Visitor: 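Dropping a structure here in structure tokens format, bear with me for questions.
Each chain gets a letter, A, B and so on, in the order the sequences are listed, and its residues count up from 1. All of these numbers come straight from a predicted model, not from anything done at the bench. Values below: all heavy atoms of this structure, side chains included; hydrogens, waters and symmetry mates excluded.
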Amino acid sequence: MPIRLYNTLTQTKEDLQTVVPGRVGMYVCGPTVYSFSHIGHMVGPVIFDTIKRYLVYSGYEVTWVVNITDVDDKLIQRVQAEGATPADMAARVKALAETVTADYLDCLKALGVDGIDQMPRATEHIPGILEITQGLIEKGNAYASGGDVYFDVTTDADYGKLSHRDFEELEAGARVDPGDKKRNPGDFALWKGSKPGEPAWDSPWGPGRPGWHIECSAMSMKLLGPHFDIHGGGLDLVFPHHENEVAQSECYSGKPFATYWLHNGLLTKGGKKISKSDPETIVEMRDLLARHQPDTIRALLLSSHYRRPIDYSNDRLDELDRALRGFRTFFDRFERITGQSFYSLNASSQKTAGAEFPDEVSDLRRQFLDAMDDDFNTGGALGVLFDLLRVLNRYADLQQLDKPPVDAAVQARFVAGVVTLRELAGLLGLFREPSKSAEADSGDRLTGPLLDLLVSLRTSLRKSKNFALSDEIRDRLTELGVILEDGAGGTRWKITDR
RNA sequence: GGCGCCGUAGCCAAGUGGUAAGGCAGCGGUUUGCAAAACCGUUAUUCACCAGUUCGAAUCUGGUCGGCGCCUCCA
């Protein structure tokens, strides 16, 4: 079954057919780095990271580019608001960009977004931007006007094809600023002349900086070629950003730009879109990562289809925390049974195990892959993961794997099934390493030994049927966030995740 | 006003022509000294509403109602 994906350009689901067989070039619009990342900034990266994992798994060689827009009006406004003067403005813009970029990279890393191959900065691609701007002027698609350069939308017959807007109506509906340097209201800046002190580069039209859309055209075409496969971004970027990107890129190169346009839905909070202009809705990643497991946040973003909006709430994350806990509990169980860590499993563990997949497991594997083939249906795929978990727990129950001795062949089948879970969860970027708090707790010098001591004393109490006291110990530990489980192989303790 | 999306159980959510995945919460059971964990069963005769197409519709068509996004910076 081929991979199918919904294309905003054609408004239909299409089979993936790449420009170069076996290769995928993918460009996703990254942030303008003027303020710290909020959860909305993570939707695209997590989705497209997952898409890349799946494409690679499916045999494609993928090059994924995410840009950083590090010069823009918003950065300038921000440092001006903070009291920048013409003398230090350029330096402060640079410093702000670096600080915010570092924060963005930290957030990506925390959420397991590690598939980005290149992260070009707009300021590193000024020559390419000037080249395209010049080229568009020469072809008659752009014009210089008062130190700025604008793209003339009336020269592009296809203008509006991505966002499916009628150009004439757009004209009629747009407001015209008095004294505007534009010929048409819909024209947009390729180059903006700068005021004294603002970050500026020399150009044939005087000192200035790139317009908002041009850097994406310059960087994507430079790194992926004029015609590449997938262009992604938030639904809110379709117009005007992506529309303008298509227009200027195709007019410049004379070739089709991206084949497939994938747009992710926007995050809402309380039903309202998360937006910088509405501070109530902002949920900064730094705060979120302090309260929840990264896997939980990632699972939230993958829990429904990527084009649908996701309503963020703390309750929702708490609910998902509980849901994912079952997996972590199972991983501990797996380690007790087999002596190997779930997190150390990989594809070759399958060969080592030397066992066939149980039918049930291979059926679920097929279901998972079918869901992913169908426009990257991560919500459906995640559901299959829960099915798989249940199958594996049931197998361990029925075969009494917790009570040695265990038949080697039976255990090998079990391992084979768990390797599949590891493999599929990895495609979603989930459970790639032990949870943070579990790691922190086991690193503590005293906590473990003290709990072992308490458990050992309590075991003596239970042997002498002193249940009142042993239950009190368990209850009070629970209050402290330590769960005791009296199982077949003795009592285990576990510190709850936050 | 134009373009587009959505409405599936108490909540979240998959399913786009063949008779309703999964998660959370709840209830009953197995297990347990009691719990926890795990497993089993159970919770929508029905997919906002109305009409139509069809042997058959949550899925297709038309209409109604409700929620949202874009058209201005936004991931």
Side-chain angles (χ1 to χ4, degrees), chain A residues 8 11 13 28-32 34-35 37-48 66 72-74 77 104 160 163-166 168-170 172-175 186 212 232-241 243 263-268 271-278 299-300 303-305 307-311 313 315-316 318-326 329-330 332-333 364 367 371 374 377-398 402 462 465-468 470-471 474-475 478 483-488 491-494:
Chain A
T8 303
Q11 298 182 304
K13 235 185 251 183
V28 175
C29 287
T32 299
Y34 70 106
S35 66
S37 295
H38 63 250
I39 183 160
H41 290 119
M42 296 295 116
V43 180
V46 166
I47 292 298
F48 287 99
V66 175
D72 182 89
D73 293 358
K74 291 189 288 287
Q77 284 161 14
Y104 182 69
S163 54
H164 306 98
R165 275 156 223 262
D166 190 296
E168 303 291 329
E169 285 181 23
L170 238 159
R175 66 175 191 276
W212 174 33
L235 220 39
D236 54 347
L237 293 182
V238 176
F239 188 90
H241 184 55
E243 190 70 62
H263 290 100
N264 59 268
L266 305 177
L267 218 66
T268 59
K272 289 168 66 182
K273 181 182 145 188
I274 288 183
S275 160
K276 293 267 172 63
S277 51
D278 188 352
L300 173 72
S303 63
S304 70
H305 187 88
R307 213 171 317 99
R308 289 185 56 155
I310 301 170
D311 195 50
S313 75
D315 287 348
R316 188 79 197 284
D318 288 342
E319 180 189 312
L320 268 166
D321 265 331
R322 284 193 291 279
L324 297 190
R325 198 166 297 151
T329 304
F330 175 76
D332 290 342
R333 185 182 194 186
L364 289 174
Q367 280 179 39
D374 185 12
N377 181 0
T378 54
L382 192 59
V384 176
L385 235 43
F386 282 95
D387 285 328
L388 187 50
L389 175 67
R390 181 157 21 78
V391 164
L392 293 169
N393 260 319
R394 185 164 54 210
Y395 186 80
D397 279 1
L398 292 174
D402 298 295
R462 291 177 67 220
K465 307 269 188 213
N466 189 342
F467 294 123
S470 71
D471 286 354
R474 186 176 60 198
D475 291 345
T478 302
I483 306 289
L484 292 193
E485 297 178 2
D486 300 325
T491 300
R492 295 181 297 276
W493 57 263
K494 185 169 71 176

Visitor: Under 4.0 Å, heavy atoms only, any strand: does A:L267 hit a base, just the sugar-phosphate, or nothing?
Guide: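 If one applies the 4.0 Å heavy-atom cut-off, A:L267 turns out to touch a base.
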Visitor: Using the P atom on both, measure B:G4 against B:U61 and round to a whole Å.
Guide: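 Comparing P positions in B:G4 and B:U61 gives a spacing of 14 Å.
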Visitor: Can you tell me if A:F386 is stacked onto the base of B:G23, using a 5.5 Å centroid cut-off and an angle below 30°?
Guide: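 Per 5.5 Å and 30° rule: no stacking.
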Visitor: Write down the distance separating the P atoms in B:A57 and B:G18, rounded off to the nearest Å.
Guide: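 Approximately 12 Å lies between the P atom of B:A57 and that of B:G18.
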Visitor: Please classify the nucleic acid contact of A:G44 as base, sugar-phosphate, or nothing, using heavy-atom distances under 4.0 Å.
Guide: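 Here A:G44 touches no strand at all.
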Visitor: Tell me which nucleotide, if any, is Watson-Crick or G-U wobble paired with B:A38 when both distances must be under 3.5 Å.
Guide: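 B:U30 - that is the nucleotide pairing with B:A38, both distances being under 3.5 Å.
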Visitor: Which whole-number value in Å describes the distance from A:F239 CZ to B:U72 C1'?
Guide: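 Spelled out: CZ on A:F239 to C1' on B:U72 is 10 Å.
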Visitor: Below 4.0 angstrom from OP1 or OP2 of B:C70, is there any side-chain N or O of A:K273?
Guide: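 Looking at the OP1 and OP2 atoms of B:C70, one of them is under 4.0 Å from a side-chain N or O of A:K273.
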Visitor: Start with the C-alpha gap between A:T329 and A:K494, add the side-chain angles, then the distance that decides, and say whether side chain to side chain donor-acceptor pair (under 3.5 Å) holds.
Guide: CA-CA 9 Å; A:T329 304; A:K494 185 169 71 176; 3.2 Å; yes
Visitor: Quantified in whole Å, what is the P atom distance between nucleotide B:C55 and nucleotide B:C49?
Guide: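 One P to the other, the span is 25 Å.
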Visitor: Tell me, please, which residues at least two apart from A:D332 pass salt bridge (Lys or Arg N to Asp or Glu O under 4.0 Å).
Guide: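 Checked A:D332 against salt bridge (Lys or Arg N to Asp or Glu O under 4.0 Å); zero matches.
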Visitor: For the C1' atoms, the ones on B:G69 and on B:U30, what distance do you get once it is rounded to whole angstrom?
Guide: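 Result for the C1' pair: 49 Å, nearest Å.
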Visitor: Could you go through nucleotides 13-17 of chain B and list every protein N or O atom that sits under 3.5 Å from one of its N or O atoms, giving the distance for each pair?
Guide:
unit_1	atom_1	unit_2	atom_2	d
B:A14	OP1	A:H305	N	3.0
B:A14	OP2	A:R308	NH1	2.5
B:A14	O3'	A:N377	OD1	3.4
B:A14	O3'	A:N377	ND2	2.7
B:G15	OP1	A:N377	ND2	2.6

Visitor: Taking only the P atom of each, what is the distance from B:G41 to B:U46 in whole angstrom?
Guide: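 Roughly 24 Å separates the two P atoms.
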Visitor: Write down the distance separating the P atoms in B:C40 and B:U45, rounded off to the nearest Å.
Guide: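 B:C40 and B:U45 have their P atoms separated by 24 Å.
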Visitor: Side chain of A:I274: nearest nucleotide among B:A75, B:C70, B:G23?
Guide: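 Nearest to the side chain of A:I274 among the choices is B:A75.
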Visitor: When you compare B:U64 with B:G2, how far apart are their P atoms, in angstrom units rounded to a whole number?
Guide: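 It works out to 13 Å between them.
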Visitor: Using the C1' atom on both, measure B:A20 against B:A58 and round to a whole Å.
Guide: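 About 8 Å, rounded to a whole number of Å.
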Visitor: Out of B:G4, B:A75, B:C11, which has the shortest distance to the side chain of A:E319?
Guide: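 It is B:C11.
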Visitor: Using atom NE2 of A:H164 as one end and atom P of B:C70 as the other, report the distance to the nearest whole Å.
Guide: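 Distance check: A:H164 NE2 to B:C70 P gives 18 Å.
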Visitor: Taking for each residue the nucleotide of RNA chain B with the nearest heavy atom, is it A:D486 or A:V384 whose nucleotide lies nearer the 5' end?
Guide: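 Looking at RNA chain B, the more 5' nearest nucleotide goes with A:V384.
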Visitor: Rounded to whole angstroms, how far apart are CG on A:L382 and C1' on B:A21?
Guide: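 One finds 12 Å between C1' of B:A21 and CG of A:L382, rounded.
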Visitor: Less than 4.5 Å apart, any side-chain heavy atom of A:L267 and any of A:M42?
Guide: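 When only atoms from C-beta onward are counted, A:M42 and A:L267 do not touch, as no gap falls below 4.5 Å.
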Visitor: Give none if B:G69 has no partner; otherwise give the nucleotide forming a Watson-Crick or G-U wobble pair with it, both distances under 3.5 Å.
Guide: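 B:C3 - that is the nucleotide pairing with B:G69, both distances being under 3.5 Å.
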Visitor: Looking at B:U64, which nucleotide sits across from it as a Watson-Crick or G-U wobble partner, both distances under 3.5 angstrom, or is there none?
Guide: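 Its partner is B:A48 (Watson-Crick or G-U wobble, both distances under 3.5 Å).
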Visitor: Across nucleotides 37-42 of chain B, 5' to 3', mark each nucleotide with B, S or - according to how protein heavy atoms within less than 4.0 Å reach it.
Guide: SSSS--
Visitor: What are the two closest heavy atoms between A:G380 and A:A371, and how far apart are they?
Guide: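 For A:G380 versus A:A371, the nearest heavy atoms are C-CB, 4.2 Å.
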Visitor: Could you tell me whether A:L320 contacts a base, only the sugar-phosphate backbone, or nothing, with contacts defined as non-hydrogen atoms closer than 4.0 Å?
Guide: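 The residue A:L320 makes no contact with any strand.
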Visitor: What is the distance, to the nearest angstrom, from the CD1 atom on A:I483 to the C1' atom on B:A35?
Guide: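 In whole Å, B:A35 C1' and A:I483 CD1 are 11 Å from each other.
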Visitor: Which one is paired to B:U54, where only Watson-Crick or G-U wobble pairs with both distances under 3.5 angstrom count?
Guide: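 Checking every strand shown, B:U54 finds no partner, since no pair has both distances under 3.5 Å.
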Visitor: Using a strict cut-off of less than 4.0 Å between a Lys/Arg side-chain nitrogen and an Asp/Glu carboxylate oxygen, indicate whether A:D471 and A:R474 qualify as a salt bridge.
Guide: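 Yes.
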Visitor: Remember a base hit wins even if backbone is also touched, and classify A:Q367 as base, sugar-phosphate or nothing at under 4.0 Å, heavy atoms.
Guide: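 Nothing, no nucleic acid heavy atom in range.
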Visitor: For B:A20, which nucleotide is its Watson-Crick or G-U wobble mate, given both distances must be under 3.5 Å?
Guide: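 Here B:A20 is not engaged in any pair, so there is no nucleotide opposite it.
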Visitor: Pick base, sugar-phosphate or nothing for A:G383, based on heavy-atom distances below 4.0 Å to the nucleic acid.
Guide: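 Base contact - A:G383 has a heavy atom under 4.0 Å of at least one base atom.
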